[in-house]
A.B. asks: 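Sharing a structure with you now.
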Amino acid sequence: MTEERAAAIRVELPAGAVELPAAVGAPDGAWATLAIAHGAGAGKDHPFLVGFAAAVRDAGIATVRFDFPYIVAGRRMPGPAAHAIAAWRAVAGFAAASLPAPLWACGKSYGGRMASMAAAGGAFDVAGLVYLAYPLHPPGRPEKPRAEHLPAVAPPQLFVEGENDPFIQPRAQFDDAVASCQDATVEWIAGGTHAFEVKGRRRPADEIGASLADPVVRFIRQRSGG
């Protein structure tokens, strides 16, 4: 297993510069890099992300897990989207300068949505994006979709979604959002919730995260020409 090293990624915010804690792992002969952002309720060291990143590295892809500025500030709720987009821009710059190309962006829930907004606005240049449980809307609030920017995302997008995720119900609304994208693929996890848990099958979070690596690596390899 490839060991990770600690790093600090500097991001400029309106109130001043912030150092984002990051964990970087680059296996020998790495053929791509995946930057990984956390969801709204947990930081980069959540077992789900640790397990997912380790499995991705086992497939020969370097990884960068990082915290958003609101985590650094000790807050529980996300700050302005502009701060998260600035963080993504800084992480992309860090990866481009020190890790193998091509660079892909990945995020769990909120982290993936922020990556999509960064890509739609031209804040960074990535080969593609991977969303682990994209939060199309708050549970039970389909009238508040978060998809208006998705058609502006040019790189290929992979949505990894649990079939029972309340953030994408009704399913037809999610299907319409995906259809609006320039280049999007969906990988369905049978019976999966927003956390990719499956009823009747108890697994630790790191194992659940690791189980999602195969379709993600396969997609990156296909779209990288490998």
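Starting from 1, each residue takes its place in the sequence as its number. Everything numeric in this text was worked out from a predicted model, so none of it was measured.
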A.B. asks: Minimum heavy-atom separation for Glu161 and Ile168, please, with both atom names.
C.D. replies: OE1-CG2, 3.8 Å
A.B. asks: Answer whether the closest heavy-atom distance between the side chains of Thr63 and Thr2 falls below 4.5 Å.
C.D. replies: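 No - every pair of side-chain heavy atoms lies 4.5 Å or more apart.
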A.B. asks: A quick test of your reading: do over 12 heavy atoms of other residues, nucleotides or ligands sit less than 6.0 Å from CD of Glu3?
C.D. replies: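 At most 12 heavy atoms, drawn from other residues, nucleotides or ligands, come within 6.0 Å of this atom.
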A.B. asks: If we ignore hydrogens and angles and just use 3.5 Å, is the side chain of Gln157 paired with the main-chain N or O of Cys181 as donor and acceptor?
C.D. replies: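 Looks like no, no N/O pair under 3.5 Å.
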A.B. asks: I'd like to know whether the aromatic ring centres of Phe68 and His83 sit less than 6.0 Å apart in this structure.
C.D. replies: no
A.B. asks: Looking only at heavy atoms, which two atoms of His46 and Ala42 are closest? And how far apart?
C.D. replies: CD2-CB, 3.5 Å
A.B. asks: Please identify each residue that fulfils side chain to side chain contact (heavy atoms under 4.5 Å, CB included) with Pro78, with sequence neighbours left out.
C.D. replies: Ala40, Tyr70, Tyr110
A.B. asks: According to side chain to side chain contact (heavy atoms under 4.5 Å, CB included), who are the partners of Ala120, at least two apart in sequence or on a separate chain?
C.D. replies: His149, Ala152, Val153
A.B. asks: List the atom of Ala35, the atom of Val91, and the distance in Å for their closest heavy-atom pair.
C.D. replies: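 Of all heavy-atom pairs spanning Ala35 and Val91, the closest is CB-CG1, 3.9 Å.
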A.B. asks: Side chains of Val11 and Phe66: closer than 4.5 Å at any heavy-atom pair?
C.D. replies: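 In short, these two side chains do not touch, never coming nearer than 4.5 Å.
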A.B. asks: Checking the side chain of Glu163 only, and the main-chain atoms of Gly192 only, is there a donor and an acceptor separated by less than 3.5 Å?
C.D. replies: no
A.B. asks: Of all residues at least two apart in sequence or in a different chain, which pass the side-chain hydrogen bond (donor to acceptor under 3.5 Å, both in side chains) check with Glu12?
C.D. replies: Arg10
A.B. asks: Verify, without hydrogens or angle tests, whether Thr185 (side chain) and Leu158 (backbone) share a donor-acceptor contact under 3.5 angstrom.
C.D. replies: no
A.B. asks: Less than 4.5 Å apart, side chain to side chain, heavy atoms only: is that true for Pro138 and Arg146?
C.D. replies: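 Yes - at least one pair of side-chain heavy atoms lies under 4.5 Å apart.
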A.B. asks: For the atom pair CG (Leu150) and OG (Ser180), what is the distance rounded to the nearest 0.5 Å?
C.D. replies: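 Taking CG in Leu150 and OG in Ser180, the distance rounds to 5.5 Å.
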A.B. asks: Measuring from atom CG of Asp176 to atom CG of Leu136, what distance do you get when rounded to the nearest 0.5 angstrom?
C.D. replies: 9.5 Å
A.B. asks: Sequence neighbours excluded, which residues qualify as ring-ring contact (aromatic ring centres under 6.0 Å, His included) partners of Phe52?
C.D. replies: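 If we apply the ring-ring contact (aromatic ring centres under 6.0 Å, His included) test to Phe52, skipping adjacent residues, there are no hits.
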A.B. asks: Is there a chain of hydrophobic side chains (I, L, V, M, F, W, Y, each step under 4.5 Å between heavy atoms) that links Val130 to Phe167?
C.D. replies: no
A.B. asks: Return the CZ to OG1 distance between Arg57 and Thr33, rounded to the nearest 0.5 Å.
C.D. replies: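 Result: 11.5 Å between the selected atoms.
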A.B. asks: For residues 194-209, please give each side-chain donor-acceptor pair under 3.5 Å, one per line with the distance, not counting sequence neighbours.
C.D. replies:
unit_1: His194; atom_1: ND1; unit_2: Asp165; atom_2: OD1; d: 3.1
unit_1: His194; atom_1: ND1; unit_2: Asp165; atom_2: OD2; d: 2.8
unit_1: His194; atom_1: NE2; unit_2: Ser109; atom_2: OG; d: 2.9

A.B. asks: Quick one: CD1 on Ile9 to CG on Asp67, what's the gap to the nearest 0.5 Å?
C.D. replies: 10.0 Å
A.B. asks: Could you work out, with ring-ring contact (aromatic ring centres under 6.0 Å, His included) as the rule, every residue matching Trp188, not counting sequence neighbours?
C.D. replies: Phe174
A.B. asks: Using the salt bridge (Lys or Arg N to Asp or Glu O under 4.0 Å) criterion, which residues pair with Asp175? Sequence neighbours excluded.
C.D. replies: Arg171
A.B. asks: For Pro155 and Ala127, which heavy atoms make the closest approach, and how far apart are they?
C.D. replies: CB-O, 3.8 Å
A.B. asks: For the residue pair Leu13 and Pro69, establish whether any side-chain heavy-atom pair is separated by less than 4.5 Å.
C.D. replies: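 Leu13 vs Pro69: side chains touch.
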A.B. asks: Using the rule that Ile, Leu, Val, Met, Phe, Trp and Tyr join whenever any side-chain heavy atoms are under 4.5 Å apart, tell me whether Val18 and Phe94 fall into a single cluster.
C.D. replies: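 The answer is yes; both residues are in one hydrophobic cluster.
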A.B. asks: Same cluster for Val72 and Val64 if Ile/Leu/Val/Met/Phe/Trp/Tyr side chains link at under 4.5 Å?
C.D. replies: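 Shared cluster, yes.
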A.B. asks: Do Trp104 and Val56 make a side-chain contact, defined as non-hydrogen atoms from C-beta onward lying under 4.5 Å apart?
C.D. replies: no
A.B. asks: Over all heavy atoms of both residues, which pair between Ala8 and Glu19 is shortest? Give the atoms and the distance, please.
C.D. replies: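 Shortest heavy-atom contact: CB-OE1, 3.3 Å.
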A.B. asks: State, yes or no, whether a side-chain contact exists between Leu212 and Lys108 at a heavy-atom distance under 4.5 Å.
C.D. replies: no
A.B. asks: Rounded to the nearest 0.5 Å, what's the gap from CG on Leu99 to CG on Leu34? Could you check?
C.D. replies: 11.0 Å
A.B. asks: Compare all side-chain heavy atoms of Ile220 with those of Trp31 and state whether any distance is below 4.5 angstrom.
C.D. replies: yes
A.B. asks: Residues two or more places apart in sequence or in another chain: which of them pass salt bridge (Lys or Arg N to Asp or Glu O under 4.0 Å) with Arg89?
C.D. replies: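 If we apply the salt bridge (Lys or Arg N to Asp or Glu O under 4.0 Å) test to Arg89, skipping adjacent residues, there are no hits.
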A.B. asks: What I'd like to find out is whether the side chain of Phe219 reaches to under 4.5 Å of the side chain of Pro156, using heavy atoms alone.
C.D. replies: yes
A.B. asks: To the nearest 0.5 Å, tell me how far Trp88 CH2 sits from Met114 CE.
C.D. replies: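 That separation rounds to 11.0 Å.
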A.B. asks: Can Leu129 be reached from Ile36 by stepping across I, L, V, M, F, W or Y side chains whose heavy atoms are under 4.5 Å apart?
C.D. replies: no
A.B. asks: Tell me whether Tyr134 is reachable from Ile85 by hopping between hydrophobic residues (I, L, V, M, F, W, Y) whose side-chain heavy atoms are closer than 4.5 Å.
C.D. replies: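 Cluster IDs for Ile85 and Tyr134 match.
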A.B. asks: Quick one: which residue pairs count as a salt bridge (charged side-chain N to carboxylate O under 4.0 Å, His left out) with a foot in residues 25-51, not counting sequence neighbours?
C.D. replies: Asp45-Arg65
A.B. asks: Output all residues satisfying side chain to side chain contact (heavy atoms under 4.5 Å, CB included) with Ala92, sequence neighbours left out; order by chain, then residue number.
C.D. replies: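 Applying side chain to side chain contact (heavy atoms under 4.5 Å, CB included) to Ala92 gives Leu103, Phe124.
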A.B. asks: How close do Ala81 and Met117 get, counting heavy atoms only, and between which atoms?
C.D. replies: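 Closest pair (atom of Ala81, atom of Met117, distance): CB-CE, 4.0 Å.
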A.B. asks: With sequence neighbours left out, what residues match Ala55 under side chain to side chain contact (heavy atoms under 4.5 Å, CB included)?
C.D. replies: Ala210, Ala213
A.B. asks: Test of understanding: with salt bridge (Lys or Arg N to Asp or Glu O under 4.0 Å), list the residues that count as partners of Arg113, not counting sequence neighbours.
C.D. replies: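 Salt bridge (Lys or Arg N to Asp or Glu O under 4.0 Å) list for Arg113, sorted by chain: empty.
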